[in-house]
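Heads up: the structure comes next, in structure tokens.
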Amino acid sequence: MQTISRKKIFFPINTAFRKYLKLYEREVKLPLSYEELRYYDQSIAVYDKEGNDTLWETVFYPQSMSANIHAGLKRIYSILKAGGDQTAEEHLFIERVDYCVFGNSHPFRIKIVNTYNEVYDYFYIKKADASRIYGLELEHILSPFWINFLVDGTTLVEEHIAGVPGDQFILHYLNRPEFNPKRIAKEFVKFNERCFVRLLGDMRSYNFVFDITPDFDDVQFRIRAIDFDQQFYEGRRTLYMPQFFKENKIFVDLAIKHLNAEVVKQYQQEERAVIARRIKTQRHRIKDLRDVIMTDRVSFPEKIQQLGNELAEYYHDPIFARCKTMGEIIERSLKRLLVSSFR
């Protein structure tokens with residue numbers, strides 16, 4: 001059984017990382033901070049369609065603060081989505097601000113609505129944590145998906161990642177007759193490999209979503225991570241492999257049923273080759289990020305030593321055991337991938 005640290009430590013953004021974020025236009029001045037959003041005075045629980053508690057609360061602000069809070073949230077949305085252009089703000093309104101009482105990051109979720117057509121969107125405001133931001137940045141560089149986020153001091157703003165949560169996909173979508181289980185199994189194998197290579201942990205079914213795309217002759221699936229708190233933080237190797245979480249057992253069973261060992265190996269290699277191409281394409285950005293991570297403290301010595309030892313044994317590569325930071329471990333992991341892509 002997998003064991004995740006019950007209370008993950010938040011790590012501050014150091015000077016070198018902040019310079020990196022400014023260089024790549026991730027750090028901008030925002031009109032509102034995470035701490036200011038915590039000054040609500042009332043809240044009510046949010047329930048799903050079946051009447052279950054979602055562990056989110058809709059929060060309400062004092063009348064003296066509400067207008068400024070909502071104006072600040074609209075401006076943040078403009079910065080996140082439109083590069084700061086304020087033209088659309090006059091026909092946007094904040095329908096709801098929710099606060100999550102579960103987990104480590106305690107995010108605020110903002111629902112914003114366009115009054116012209118009633119189309120709505122979400123975004124999130126969280127307390128900035130260096131390891132989470134490393135996770136977002138690595139996802140942006142190494143995954144098939146662009147990630148939109150902003151940082152200001154100790155405040156992190158994230159775009160909503162749309163999709164069907166993995167646990168809901170299992171309950172309501174997995175057994176639909178129009179869905180090809182082989183394609184679902186294939187995507188889970190690739191997702192598992194992607195997480196392991198870039199050391200993104202705790203990918204239980206409710207921490208990723210399915211992006212479902214009808215194609216001309218079948219339905220395609222992409223799995224996207226939505227929680228990046230456990231970016232190279234834990235010490236156990238299997239915590240970075242979604243296949244070992246009991247919540248994902250049904251996807252593992254699908255892979256066992258529909259894919260043989262050679263096909264699994266093929267999909268793993270395909271994913272590694274794609275990541276290697278992304279590294280080469282983004283080599284300057286990767287180098288800048290590597291230089292920051294190499295000396296940053298985003299975990300603890302005992303976890304670093306444990307992970308290094310376990311990866312050394314898994315890969316038969318003693319260099320992992322000599323790594324002193326999580327930055328050195330991720331660098332070695334990506335270097336192995338690049339070397340294998342040249343063969």
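Since the model is a prediction, treat every value here as computed from it, not as a measurement.
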Answer with yes or no whether the hydrophobic clustering places F93 together with I112; edges join I, L, V, M, F, W, Y residues whose side-chain heavy atoms lie under 4.5 Å apart.
-> no
Could you tell me which non-hydrogen atom of A276 sits nearest to which non-hydrogen atom of L338, and how far apart they are?
->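 So the minimum-distance heavy-atom pair works out to O-CD2, 3.9 Å.
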Show your reasoning for whether ring-ring contact (aromatic ring centres under 6.0 Å, His included) applies to Y314 and F196.
-> CA-CA 12 Å; Y314 180 81; F196 184 47; 5.3 Å; yes
Do the two ring centres, one from Y34 and one from F108, sit under 6.0 Å apart?
->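 So the answer is yes for these two rings.
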Ring centre gap for Y122 and Y120 strictly below 6.0 Å = yes
Between R26, R290, R132, which is the residue that forms a salt bridge (Lys or Arg N to Asp or Glu O under 4.0 Å) with E137?
->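 With E137 as partner, R26, R290, R132 yield a single salt bridge (Lys or Arg N to Asp or Glu O under 4.0 Å), made by R26.
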Measure from NZ or CZ of R204 to the centre of the six-membered ring of Y206 and say whether it is under 6.0 Å with the direction within 45° of the ring axis.
-> no
So does [X] pair up with [Y], basic N to acidic O under 4.0 Å?
X	Y	value
E187	R194	yes
K257	D253	no
E89	R75	yes

Which of these passes side-chain contact (heavy atoms from CB on, under 4.5 Å) with I79: D152, D85, L150, V157?
-> L150
Test applied, side-chain contact (heavy atoms from CB on, under 4.5 Å); reference residue, R222; option that passes from F145, F191, F210 | F145
Please state whether the rings of F300 and Y233 are parallel, tilted or perpendicular, taking 30° and 60° as the class boundaries.
-> perpendicular
